[in-house]
Amino acid sequence: MSNAAPLSLVPVRSREAREFVRAWHRHHPPPAGQVFAVGAADDQGMLRAVAIAGRPVARHFDDGATLEVTRTASDGVRNANSLLYGACWRAARALGYRRLITYTQEGESGASLRGAGWRLIASRPPRAGWHTRSRPRTDRGTDHVARFLWEAP
């Protein structure tokens, strides 16, 4: 199968999006919830990538007018994430949202976001983690990693 397959947007049910993320995402499990998901399929109808948008993880962004792309995952097909980031912004606006954000981790280029017209708005330092003796938490593999906050155009 060619890596430069023409892609089209397709609806994706929550369960299918979560399964795709579980199979293809490099460092995160599927998110706990979502407002919507969208997929990219090749000309044979095979799902090649998904994006999931939901309420912002950071509570100070959860103002009722902001959504966050909480996951994207692809099988490596070219241009899928840019296609999905653009589709998420169009869908969020159509639903009445005024802002769409997402994060990348240090070491991720952000090329898909730049390709979709998003802009980098903040750099977040690495977190020490959420674990404390009084409230034990499992390390999810993303502690001690700097993050970058992006916003749709």
Next item on the list: State whether the number of non-hydrogen atoms from other residues, nucleotides or ligands found under 6.0 Å of R114 atom CZ is greater than 12.
Entry: yes
Hydrophobic clustering (ILVMFWY, side-chain heavy atoms < 4.5 Å, transitive) - are [Y] and [X] grouped together?
| X | Y | result |
| --- | --- | --- |
| L95 | W89 | yes |
| L113 | Y97 | yes |
| L100 | F61 | no |
| Y103 | V21 | no |
| L120 | V69 | yes |

Next item on the list: Please report the closest heavy-atom contact between V12 and L47, naming both atoms and the distance.
Entry: CG2-CD1, 4.1 Å
Note to self: So which atom in F20 and which in S74 form the shortest heavy-atom distance, rounded to 0.1 Å?
What the structure shows: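 That closest heavy-atom pairing would be CE2-CA, 3.9 Å.
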Euclidean distance, [Y] [atom2] relative to [X] [atom1], rounded to 0.5 Å:
| X | Y | atom1 | atom2 | answer |
| --- | --- | --- | --- | --- |
| T72 | W24 | OG1 | CH2 | 14.0 Å |
| T104 | F148 | OG1 | CZ | 6.0 Å |
| R22 | R15 | CZ | CZ | 10.0 Å |

Next item on the list: Give the intermediate values and the outcome of side-chain contact (heavy atoms from CB on, under 4.5 Å) for residues F36 and C88.
Entry: CA-CA 9 Å; F36 66 84; C88 283; 4.0 Å; yes
Margin query: According to side chain to side chain donor-acceptor pair (under 3.5 Å), does anything in residues 56-71 pair up with another residue at least two apart or in another chain? List the pairs.
Written below: R55-D62, D63-T66
